[in-house]
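See below for the structure under consideration.
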Protein chains: 2
Amino acid sequence: MAQFTIKDLARKLGVSPSTVSRALHDHPDISEDTKRRVVAAAEKYHYQPNLIAQSLQKKSSTTIGVIVPEIRHHFFSTVISGIEEVAYEAGYIIMVCQSNETLAREIVNTQALVANRVAGLLVAISTETTRYDHLKSVLKRGVPLVQFDRVVEELETSKVVIDDYSAAYEAVMHLVRSGYRRIGHLAGQEGIALNRHRFEGYRAALADSGLAFEEKFLVPGGYREEDGRRGAEVYLAMDELPDAILAINDPVAVGAFSRFREAGVRIPEDVALVGFSDTPAAALIEPALTTVYQPAFEMGRTAATLLLEQFVTEGRFTPRTVTLDTELLVRGSSRPKGAAWA
Amino acid sequence: MAQFTIKDLARKLGVSPSTVSRALHDHPDISEDTKRRVVAAAEKYHYQPNLIAQSLQKKSSTTIGVIVPEIRHHFFSTVISGIEEVAYEAGYIIMVCQSNETLAREIVNTQALVANRVAGLLVAISTETTRYDHLKSVLKRGVPLVQFDRVVEELETSKVVIDDYSAAYEAVMHLVRSGYRRIGHLAGQEGIALNRHRFEGYRAALADSGLAFEEKFLVPGGYREEDGRRGAEVYLAMDELPDAILAINDPVAVGAFSRFREAGVRIPEDVALVGFSDTPAAALIEPALTTVYQPAFEMGRTAATLLLEQFVTEGRFTPRTVTLDTELLVRGSSRPKGAAWA
DNA sequence: ATCTTTTTCGGAAACGTTTGCGGTGTCGTT
DNA sequence: AACGACACCGCAAACGTTTCCGAAAAAGAT
């Protein structure tokens, strides 16, 4: 019932608690013989070290905190999977919180994780997050922090991102090469760096192709399927549809996709579609969605790795930002204009 | 840099640490006046209680552990989302581990969580898990445990599940009513209770419909898309295909779906398909997949709620198992035999 | 004015570890 | 024979809280 502690073990063996502790940690001051006895006894009595006590004394825990907008989203759960993977290998365990895209909850979450004395923090900010006091305070406390995906650039932390600008640029270039000319963009909120970068890549590609940027074809929204549907709605109300659309992510693309289909708009004959890979569903719709593949799992792995590195670099440490490669997966939804059905 | 503790606060205020602690917890022994002073000072110096120390002294933490086969799977990440939701509301934070479907890692995970002195444990076992010593040991230590989805029935814990038997039964009945007669089953491993129940529901529905159970149409496999593809392969090698298939879950159904399509087999004209809802992709394929909807988010919520309830019921407590309702979402992939295209 | 009650607080131990420091005992060297 | 070196281990403090047990001061009762 009550906990079996190191003291109990010591009593059973007739040695001191310090000896037990040292034996368990393979300290050189302890003879091989007693080490064996201690380990054997620990085994026998199912001794389980109390990590809480250990953390208190060491002033640092063996858990790392993770904050994401929503756990259930495919992209983030994949990232978390990656994080857990390397955390596990390194003997850490992860505490996961979701902000539900609200700043208030994100703040509560960071406080809770700090209160739990996590060794470090991995965060992707919410869409509402335009003030960063909570993150700055984490930094000031000296808690290692690395941002991923949704990062705030002016914060001096390690970051892992994709090259949103180039990815969007390439996606649009692909559309242009495929014969599309009136290319719209289902964008995200302007505040988020990621969204801005994708927009800028989109715009630059238009410019570099000698195409005009049409304000009305830029329709901002959120990250979810319903936002895509709403966006499609906006396009449908226009005199003339764009002939291609770059969506801020897959759910939005899929939402637009189904709304368009309902309206009898053919993909890609009437309008081509390109997304950013948040979901495996993209490959299954008909025609399959052309999409920018984002290495979510790998993003989680590297973010965690960066954090672990920061743990060991005592004292002076310089933030690194690693940019992961994306890949444009060309599929049916952006078939060259006028091409026959596959 | 160094931590600002309750002692520091006490020193600043010229009172004892005990007084500060009591003031912060609104203890009646403390005058309103000093309470105000303490709270104000705590605010001023950004005092953050050390939950680690608190846990050590209280001998119980405010974190709950979660173990799932794989975080990245849509079903489980949705469950986790639900868990986090109610945990958050109750002031708990969750530690999440994945077993990667291996028993070894599941064992390590439970030990790590116990070592971290979680207040309770929420687990869905791996496919490999046929011995339960690690879970029994958790129980013996008196750590509250509730199982969800993949449960081991002989363990005396609260459980939250769906009625797999009935769900499979209804799904097959639906197929029969739609005119299908040679109904196959892409099953999971036999060891898992959940798989067995679905199989039994399937078999009972056949029997009650006066249809013969054909051994060869039962093809066991795993939970992933590739298992579905492999299963389709098996069917394709037969002289005669089944005219409908109940898949153990959506990924498997989707896998079979795409393999069949590659082989020129039409869905549902040549073979109808029904899945168990693990993924949103089911609604997007063409034709859309008929599937048994499982309330994953709700499952997470109730599992966490059950655990929280168990926290307060000191002493005598009787395990409850709650069965969540499913719903058969009838879509194109099981269109009545011979019916025209929508 | 003394005694009892109440209010308000402090001392100290405890939760389970780790670790600096010091203390034995043994052995080899001179 | 004496001394240093070394191997091995125990004491006690510390990590930041909470809480039992009193104790002092204030208030009320007689």
Side-chain angles (χ1 to χ4, degrees), chain A residues 1-39 41-42 45-63 91 114-119 141-143, chain B residues 1-39 41-42 45-63 112 114-119 141-143:
Chain A
M1 194 78 268
Q3 217 180 142
F4 188 84
T5 82
I6 229 176
K7 291 184 187 177
D8 301 315
L9 204 47
R11 201 167 313 124
K12 300 267 186 194
L13 289 165
V15 298
S16 80
S18 356
T19 301
V20 174
S21 172
R22 280 189 262 251
L24 259 17
H25 288 83
D26 203 27
H27 188 104
D29 268 10
I30 306 296
S31 72
E32 286 306 322
D33 181 55
T34 52
K35 273 182 194 169
R36 266 191 298 273
R37 286 175 52 227
V38 169
V39 172
Y45 295 107
H46 303 102
Y47 167 73
Q48 283 268 36
N50 185 328
L51 289 195
I52 298 280
Q54 204 165 304
S55 297
L56 179 59
Q57 134 76 29
K58 293 270 205 69
K59 288 155 153 296
S60 92
S61 76
T62 173
T63 76
V114 169
N116 274 284
R117 297 300 188 271
V118 291
R141 279 175 183 275
V143 179
Chain B
M1 194 78 272
Q3 210 176 151
F4 187 84
T5 81
I6 228 175
K7 291 184 186 176
D8 301 315
L9 204 46
R11 201 167 312 123
K12 298 269 187 193
L13 289 165
V15 298
S16 79
S18 356
T19 301
V20 174
S21 172
R22 280 189 265 249
L24 259 17
H25 288 82
D26 203 28
H27 189 103
D29 269 10
I30 305 297
S31 72
E32 287 306 321
D33 181 56
T34 50
K35 271 180 195 169
R36 266 189 299 272
R37 286 176 50 227
V38 170
V39 172
Y45 295 107
H46 303 104
Y47 167 72
Q48 283 267 37
N50 185 327
L51 289 194
I52 298 279
Q54 204 165 305
S55 297
L56 178 59
Q57 132 76 29
K58 294 270 206 70
K59 289 157 154 291
S60 92
S61 76
T62 172
T63 76
V114 168
N116 275 283
R117 297 302 188 268
V118 291
R141 279 176 183 273
V143 179

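The sequence lines fix the lettering, A, B, ..., with proteins before strands; numbering per chain opens at 1.
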Taking only distance into account, with no hydrogens and no angle test, what donor-acceptor pairs under 3.5 Å do side-chain atoms of residues 51-58 of chain B form with protein atoms, sequence neighbours excluded?
residue : atom : partner : partner atom : Å
B:S55   : OG   : B:L51   : O            : 2.8

**Item:** B:D29: salt bridge (charged side-chain N to carboxylate O under 4.0 Å, His left out) partners, not counting sequence neighbours
**Value:** none
To the nearest 0.5 Å, tell me how far [X] [atom1] sits from [Y] [atom2].
X: B:Q48; Y: B:T5; atom1: CD; atom2: OG1; answer: 13.5 Å
X: A:L24; Y: A:K35; atom1: CG; atom2: NZ; answer: 11.0 Å
X: B:I30; Y: B:H25; atom1: CD1; atom2: NE2; answer: 12.0 Å
X: A:I6; Y: A:N50; atom1: CD1; atom2: CG; answer: 10.0 Å
X: A:L13; Y: A:T19; atom1: CG; atom2: OG1; answer: 10.0 Å

**Request:** Could you encode protein contacts along nucleotides 13-23 of chain D as a string, one character per nucleotide from 5' to 3', using B for base contact, S for sugar-phosphate-only contact and - for no contact, with a heavy-atom cut-off of under 4.0 Å?
**Result:** -BBBBBBB---
**Item:** Under 3.5 Å: donor-acceptor pair, side chain of A:T62, backbone of A:G91
**Value:**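 Yes.
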**Asked** Tell me: CG of A:L51 to P of C:dT17, nearest whole Å?
**Response** 9 Å
**Asked** Taking all atoms of both residues into account, what is the closest heavy-atom pair of A:A10 and A:S16, and its distance?
**Response** CB-C, 3.7 Å
**Request:** Using five pairs at either end of the helix from C:dA1-D:dT30 to C:dT30-D:dA1, determine the angle between the two local helix axes and round it to 10 degrees.
**Result:** 60°
**Prompt:** Does anything in residues 30-38 of chain B reach DNA chain C, meaning a heavy atom under 4.0 Å, and if so which residues?
**Reply:** B:I30, B:S31, B:T34
**Request:** For B:S31, enumerate each residue passing the side chain to side chain contact (heavy atoms under 4.5 Å, CB included) test, keeping only those at least two apart in sequence or located in another chain.
**Result:** B:D33, B:T34
